[in-house]
Amino acid sequence: MGQSAIILAVSFVFSFGFNMVRDDGLPLIATKQIIEGGQSTADSLLAETTLLFQPVMIDLAIAKSFYDRGVLFIDARDDKEFREGHIAGSKLAPANPGEILRWATEDDPVVTYCSGGECDLSMNLANELMGEDWGFARVFVFDGGLPQWIEAGYPVE
Amino acid sequence: MSLLKNRWVILGLRIFLGIVFLYASFEKIRDPVSFSGNIQNYQMLPYGITNLFSIFLPWVELYVGACLILGVFVDGAALLSAGMLVMFIIALGQAVARGLDIECGCFSQEGSLVGLDILARDIVWLAMSVLIVRREEKMFEMFPKSG
């Protein structure tokens, strides 16, 4: 219908126009920003003085560095996939995320992962953990997930 | 049922829905990042295109709300209102069916979780939109006045 099309067209022009001129405009296509780096980046991310406002995606090297330091890894996939194989020592995400407090405090760093690629379970879980309900302070998402971990030959069980 | 076709009732529905949409749009336009996160939580759209929705949708809500209240392009605005509500109902329905424990994202920081109450609310609003689309008499419509 013509009127609807006009309203949509006007909305289109103003929405994307305003998004372009405003300082905090969004990128049109959300791109993943994965923190890459080595030991020192990992150190600084783990420092208690590092304030995070949202989950941070990390690459394989940083994930391994965290792992070697004993950071808690949470598998965000379902229990069937978890039983078939997971990062050694990682825990299956409980139905109630609050139960993660059995293994760590809100102030401890936590890494979530799933099957990499298009899988967004780990990011959803991370967002939930850092949300108002649970208030975890530092949650990281290992973007490569289990496939990348296995490919690198790191321990699984 | 003639009450539902009464021009004053239709005018009331227009103003009510108009305020709902205006109110819904403001916070989303102010904070598209949060809204983008809300959309992602519904797990319906592929990662990457949620920003397009979070930029565009609030402005459609804004203009639909303004048009309904001002009486400009009421047919088109009511149609879009119905279309958006159908979309919201589908999104909410699948979230409730999957047991997603997520924030609605309907309005600003209302903090309400998706659930049957919000679903029912949207269905009522959809019915209101349909009544406006099917109205027989015009009342305080600036443009177009006839046709």
Side-chain angles (χ1 to χ4, degrees), chain A residues 1-34 53-55 57 76 78 93-98 114-134 141 143 145, chain B residues 21 25 28-68 72-84 98-103 109 111 113 133 141 143-144 147:
Chain A
M1 175 142 196
Q3 292 183 1
S4 302
I6 294 172
I7 296 174
L8 286 178
V10 172
S11 304
F12 185 86
V13 170
F14 277 86
S15 61
F16 289 102
F18 182 58
N19 188 65
M20 259 197 293
V21 297
R22 71 191 290 176
D23 292 338
D24 54 350
L26 288 181
L28 295 187
I29 302 298
T31 48
K32 293 187 177 182
Q33 295 204 337
I34 304 171
F53 298 99
Q54 57 187 24
M57 291 207 243
D78 62 30
N96 175 356
C114 51
S115 22
E118 291 300 302
C119 172
D120 50 12
L121 294 168
S122 51
M123 185 46 100
N124 292 337
L125 176 63
N127 279 322
E128 203 172 345
L129 290 176
M130 287 195 71
E132 284 174 15
D133 289 345
W134 305 113
V141 177
D143 185 62
Chain B
F21 274 111
S25 71
K28 293 175 196 161
I29 288 175
R30 201 188 65 76
D31 185 5
V33 178
S34 298
F35 184 46
S36 181
N38 285 331
I39 300 175
Q40 269 171 40
N41 287 339
Y42 278 88
Q43 300 175 25
M44 282 180 79
L45 297 174
Y47 190 86
I49 70 167
T50 50
N51 278 3
L52 296 178
F53 272 77
S54 89
I55 292 168
F56 182 51
L57 195 62
W59 285 80
V60 182
E61 291 183 330
L62 177 75
Y63 286 117
V64 164
C67 285
L68 285 174
V72 178
F73 288 159
V74 173
D75 285 322
L79 215 56
L80 284 176
S81 156
M84 282 192 285
R98 290 161 73 185
L100 297 184
D101 188 10
I102 57 174
E103 245 181 73
Q109 315 301 322
L113 298 179
V133 172
E141 295 193 18
F143 183 82

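Computed from heavy atoms alone, side chains included, the values below leave out hydrogens, waters and symmetry copies. Below, read A as the first sequence line, B as the second, and so on, with proteins coming before strands; counting in each chain starts at 1. Given the structure is predicted, the values throughout are model-derived calculations rather than measurements.
With sequence neighbours left out, the disulfide (SG to SG under 2.5 Å) criterion links C114(A) to C119(A).
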Validation: residues 16-25 of chain A side-chain donor-acceptor distances under 3.5 Å, sequence neighbours left out:
unit_1	atom_1	unit_2	atom_2	d
N19(A)	OD1	L26(A)	N	2.9
N19(A)	ND2	L26(A)	O	2.9
R22(A)	NE	D24(A)	OD1	2.8
R22(A)	NH1	I29(B)	O	2.7
R22(A)	NH2	I29(B)	O	3.2
R22(A)	NH2	R30(B)	O	2.9

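With a 4.5 Å cut-off on non-hydrogen atoms, V74(B) touches chain A through its backbone but not through its side chain.
Across L62(B), V64(B), V60(B), L57(B), the residue that shares the most heavy-atom pairs under 4.5 angstrom with chain A is V60(B).
Put simply, CD1 on I55(B) and CG on L28(A) are 5.0 Å apart, with the number rounded to the nearest 0.5 Å. One distance of note links CD1 of I7(A) with CZ of F73(B); it measures 7.0 Å at 0.5 Å rounding.
In F56(B), the CZ atom is crowded: over 12 heavy atoms of neighbouring residues, nucleotides or ligands sit closer than 6.0 Å.
The shortest heavy-atom contact between G76(B) and S4(A) is O-OG, 3.2 Å. Annotation for S11(A) and W59(B): closest pair OG-O, 3.5 Å, computed over non-hydrogen atoms.
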